[in-house]
**Student:** 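Input: one structure, supplied below.
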2 protein chains.
Amino acid sequence: MEKLEKYYHQIKNSPVFYGMKDDELQGLLECFNARIRNFEEGEMIIRQGDRITNIYLILEGAVNIEKDSYWGRRIIITQLSVNDNIALAFVASKNIESNIDAVAAQNTRVLVLSYEKCTSMCQNACTRHKVLINNLFDILSKENIELIQKIENVSQKTIRDKLLTYLSNEARKRKSNSFEIPFNRQDLADYLNIDRSAMSFELSKLQKEGLIKYNKNKFVLSARV
Amino acid sequence: MEKLEKYYHQIKNSPVFYGMKDDELQGLLECFNARIRNFEEGEMIIRQGDRITNIYLILEGAVNIEKDSYWGRRIIITQLSVNDNIALAFVASKNIESNIDAVAAQNTRVLVLSYEKCTSMCQNACTRHKVLINNLFDILSKENIELIQKIENVSQKTIRDKLLTYLSNEARKRKSNSFEIPFNRQDLADYLNIDRSAMSFELSKLQKEGLIKYNKNKFVLSARV
DNA sequence: TTAATAATGTTGTAAAAACAACAGAAATGT
DNA sequence: ACATTTCTGTTGTTTTTACAACATTATTAA
């Protein structure tokens, strides 16, 4: 339990527990059987078919939400990072199996809470549960909007349009024309559902045309985009 | 307010209000300024850029959630039907503008509730609000899972794989190999982000190969799919 | 019933993507 | 510093898709 102390401030200010008083949070962390788990890059945190009963809060690192298609191709649905929750939607619908994998994209530290344990104990009656569920509702709303955004990105017709849509959406999100993306080329291709080499080719083309500049994961969009 | 009576039973048993006592629901409908609105096929219920402050519950009909791509192509994100809520994610994130259109896919009857009005009045304190937010959390979770499902559908590489993935997901959802889909051919193409005529061609091919049978919107999957 | 309109299916052609194979650059480990 | 491995970019070929144009079948209206 001592290790929790180190992250207490971060936990308290995370969207899940935002607005909770210290004593409420302390009690909740105990009641939730809170513990910290570490995952190495590439390690599976959640597998397709799992039933999720825990709330996962990312304290350090990043996690890819993936799906292997029936024919073996990898689909990256989204990448989560610090302060995000993993597979929250499956916690509420507890009789629905996870249809996604969660894979550590780097070495990752996660706070794990037994949601089930708390709801059974406090019967939804305590104030901290009320704050929590409000927060969870907000978080899920934002996730929902993110997923719609992603659908827009991958629904473009050409590789070019997918790239431009993705990049300009990222720029808008960060309120800057200059930003880093969390993906390497292969991951970006798996996120946009396109071939890596074809994507590389189109990126160069966009750079030659002066629409974008990039170096590794750092992108700069020209005003024209 | 009399018109509400006609739908009272349906409203009471809808996922949003599920588990609410009669007096709670009655009070809530008043406090929410509940009213019924009708939309004709093709009419816009929500537009990109709107700020959503109402909860919309579909009582009759169906609604397409759409987005016009920058280049003018139509994307159907999902189709909602009776008992579904429209654009719920944007109600929670009230300072985020809608990035989607909601268009009546048929003549549609909708219950409209001012979410804002209630939250400001009851300060999240009344029991009915607690039941409501729990329900909303559940609904958003399911929507989330649906969106992930849709991402899987459109992330397949070929038209054939998109169709087979979509159809077998539908079959699983309805627990039957025989089912109707809510789309005509053009809408299905816009949902899967593919060309209608190419899709028609592939559908015939699948039928010739004996993998599927179809007539209009009614599909039957062979055991091999 | 017939004409008009809409929806769906079919085909050929041009465009785009996937794929494979490889070259060069960057990162990693020893 | 060197060898090894991983990542990224490039090119040519094959496959798939979009698009356009039209045929056929349903649906609607007169």
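FYI, side chains are in, hydrogens and waters are out, and symmetry mates aren't considered; it's all heavy atoms of this structure. Lettering follows sequence order; numbering is per chain, from 1.
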**Student:** When you check every protein heavy atom under 4.0 Å of nucleotides 6-12 of chain D, what one-letter string (B, S, -) results, 5' to 3'?
**Tutor:** --BBBB-
**Student:** When you compare the side chains of Ser155(A) and Asn193(B), does any donor N or O come within less than 3.5 Å of an acceptor on the partner?
**Tutor:**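 Ser155(A) vs Asn193(B): donor-acceptor pair found between side chains.
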**Student:** Mind checking what makes side-chain contact (heavy atoms from CB on, under 4.5 Å) contact with Ser176(B), not counting sequence neighbours?
**Tutor:** Ser178(B)
**Student:** How close or far is atom P of dT16(D) from atom CZ of Arg73(A), stated in whole angstroms?
**Tutor:** 14 Å
**Student:** In this structure, how many angstroms lie between the C1' atom of dT17(D) and the CD atom of Gln156(A), rounded?
**Tutor:**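 Result: 16 Å.
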**Student:** Please state how far atom CG in Asp195(A) lies from atom P in dT16(D), giving the value in whole angstrom units.
**Tutor:**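 The distance from CG of Asp195(A) to P of dT16(D) comes to 14 Å, rounded to the nearest Å.
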**Student:** Rounded to whole angstrom units, what separation is found between the CZ atom of Arg160(B) and the C1' atom of dA18(C)?
**Tutor:**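 Going from CZ in Arg160(B) over to C1' in dA18(C) covers 17 Å.
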**Student:** Taking CG from Leu163(B) and P from dG9(C), how many angstroms apart are they, rounded to a whole number?
**Tutor:** 11 Å
**Student:** Look up atom OH in Tyr7(B) and atom CG in Leu59(B), then write down how far apart they are to the nearest 0.5 Å.
**Tutor:** 6.5 Å
**Student:** Whole angstroms only, please: what is the CD1-P distance between Ile194(B) and dT15(D)?
**Tutor:**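 Roughly 21 Å, once rounded to whole Å.
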**Student:** Please state how far atom CG in Asp161(B) lies from atom P in dT15(D), giving the value in whole angstrom units.
**Tutor:** 16 Å
**Student:** How many angstroms lie between atom CG of Leu167(B) and atom CZ of Phe219(B), to the nearest 0.5 angstrom?
**Tutor:** 5.5 Å
**Student:** Verify whether one side chain among Gln79(A) and Asn64(A) offers a donor that lies under 3.5 Å from an acceptor in the other.
**Tutor:** yes
**Student:** Kindly state each residue pair satisfying salt bridge (charged side-chain N to carboxylate O under 4.0 Å, His left out) with at least one member in residues 97-114 of chain B, sequence neighbours excluded.
**Tutor:**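 Those involving residues 97-114 of chain B are Arg51(B)-Glu97(B), Glu60(B)-Arg109(B).
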**Student:** Consider the side chain of Thr158(B), meaning its heavy atoms from C-beta on, and name the nucleotide among dA18(C), dT17(D), dA16(C) that approaches it most closely.
**Tutor:**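 In terms of side-chain proximity for Thr158(B), the closest of dA18(C), dT17(D), dA16(C) is dT17(D).
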**Student:** Check whether Tyr191(B) forms a cation-pi arrangement with Lys162(B) (NZ or CZ under 6.0 Å from the six-membered ring centre, at most 45° off the ring normal).
**Tutor:** no
**Student:** Tell me what Asn193(A) touches on the nucleic acid: a base, only sugar-phosphate, or nothing, going by heavy atoms under 4.0 Å.
**Tutor:**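 The residue Asn193(A) makes sugar-phosphate contact but no base contact.
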**Student:** May I ask you to evaluate whether Lys157(B) reaches the phosphate of dT15(D), defined as a side-chain N or O under 4.0 Å from OP1 or OP2?
**Tutor:** no
**Student:** Would you mind reading off the distance between Asp190(A) atom CG and dA18(C) atom C1', rounded to a whole angstrom?
**Tutor:** 14 Å
